[in-house]
Protein chains: 2
Amino acid sequence: MAKPAIELDSFDLAILAILQKDNATPQRLVGEAVNLSAPAVQRRIRRLEEAGVIAANVAIVDPAKVGQAITIFVEVEVISETAELLDAAKREFSATPEVQQCYYVTGEADFILIIIVGTMADYEALTRRLFFSNNNVKKFRTFVAMDRVKVGLTVPLTQPGEA
Amino acid sequence: MAKPAIELDSFDLAILAILQKDNATPQRLVGEAVNLSAPAVQRRIRRLEEAGVIAANVAIVDPAKVGQAITIFVEVEVISETAELLDAAKREFSATPEVQQCYYVTGEADFILIIIVGTMADYEALTRRLFFSNNNVKKFRTFVAMDRVKVGLTVPLTQPGEA
DNA sequence: GGCCTCATGAAACAAACTTGCGCGTATTGG
DNA sequence: CCAATACGCGCAAGTTTGTTTCATGAGGCC
């Protein structure tokens, strides 16, 4: 949104690939990996951050280790799809900490949520708050994750050819 | 997995909350925010990393900015749920870069995938490779994301009370 | 061909991270 | 109830890393 789209050469892609896996990598090592000096790497990283290509630098916390062991998917179907009501739903979902991810999708469902809770009781309380007390929710389907096979936000990086 | 579970006091939770949002925050500032000295913060972070509470430190890349603009959900239903076939599926999904996330779930579906591609043609090619050529895939349902309302892996942090 | 722009690398500088040490506090055992 | 131990803290010094400055060379445009 900030910048429409910036040019990404193979250096940028190589740097992104590294930082996507571990952004604590010293710039010196990144530089060696991509055949660039540390300052050059530093400048490129800054540019990528300003352009929004790098949206954030975060630590990934293992939910199970902090007592939030249950991952749940919810497909939500709404009654009315007016822009106003959709925005209200988006805002409410976004503001809920247990909602890790929320997508507005096509197809039989309207929203897909990924939720993290400590116990099923917590989830039940959450459904009451988010769905049952919301007049615009027609129905919702719950899937409980038995195994988090692969979890990440890593983006496949290919050539910079824009879509 | 490494350590079964370590004690997390309110300092640890406060530190995690900060690093989950921005792990480039200098330890000095983290220390000020939680009323601890920088070395103390540093020791706690190291402990959290060794215990696996902090699973990784990564840069979040905006898919749209690198030409991977389409997010897709897929519910996959398999024919046979033998451990062997499930493991094979898990390995194949995990090894596919376009598959950002993969969960093994209860309910009508068996797997839920979150996929990122540049074009629908890419997705079509992917379905051919992952689903149509896999004899164990009974059916799959596709949802295309029109809006990534909220995307993150942020874990809600409450008191350390284990579940 | 000359000028301008841009990105690079080397070096100097500043900031952050890391380690060792002494101290206070909580815990355990007598 | 008191002593010995273990744990984690803060302070300060050393080291690594990140950042800025500057001069040079490559490429595009008159």
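Here is how names work: the chains are called A, B, and so on, in the same order as the sequence lines, proteins then strands, and each is numbered from 1. The analysis underlying the following values was restricted to heavy atoms, covering all of them including side chains, and did not include hydrogens, waters or symmetry mates.
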Over all strands shown, is Arg46(B) touching base, sugar-phosphate only, or nothing at heavy-atom distances under 4.0 angstrom? sugar-phosphate
Backbone N/O of Ser94(B) and side chain of Lys150(A): donor-acceptor pair under 3.5 Å: yes
Output yes when a side-chain donor or acceptor of Gln100(A) lies under 3.5 Å from a complementary backbone atom of Leu153(B), and no otherwise. yes
Any donor and acceptor pair, going by atom type alone, linking the side chain of Asp122(B) with main-chain N or O of Thr119(B) inside 3.5 Å? yes
Output the rounded distance in Å from CG (Asp9(B)) to C1' (dC7(D)). 13 Å
Please confirm whether Lys90(A) makes a cation-pi placement over Tyr104(A), using NZ or CZ under 6.0 Å from the six-membered ring centre and within 45° of the ring normal. yes
Whole-Å distance separating the CZ atom of Arg47(A) from the C1' atom of dT19(D): 17 Å
Between the opening five pairs and the closing five pairs of the helix from dG1(C)-dC30(D) to dG30(C)-dC1(D), how far apart are the helix axes, to 10°? 30°
Quickly work out the Glu50(A) CD to dT19(D) C1' distance and round it to whole Å. 14 Å
Tell me, which of residues 15-36 of chain B have any heavy atom that sits under 4.0 Å from an atom in DNA chain D? Leu36(B)
Lys138(A) and Asp110(A) ion-paired at < 4.0 Å: no
Between the side chains of Arg44(B) and Asp9(B), is the shortest nitrogen-to-carboxylate-oxygen separation below 4.0 Å, so that they form an ion pair? yes
Positive for salt bridge (Lys or Arg N to Asp or Glu O under 4.0 Å) with Asp12(B), one of Arg46(B), Arg47(B), Arg43(B): Arg47(B)
Start and end of chain B contact along DNA chain C [non-hydrogen atoms, under 4.0 Å]: dA16(C) to dG20(C)
First locate atom OG1 of Thr142(B), then atom CE of Met120(B), and finally report the distance between them rounded to the nearest 0.5 Å. 7.5 Å
Hey, could you give me the OG1/CG distance between Thr82(A) and Asn136(A), rounded to the nearest 0.5 Å? 7.0 Å
Taking the ring centre of each residue, are Tyr103(B) and Phe111(B) less than 6.0 Å apart? no
Does the distance from a Lys or Arg side-chain N to an Asp or Glu carboxylate O, for Glu108(A) and Arg141(B), drop under 4.0 Å? yes
Given dG8(D), dG10(D), dT20(D), identify the nucleotide with an atom nearest to the side chain of Arg43(B). dG10(D)
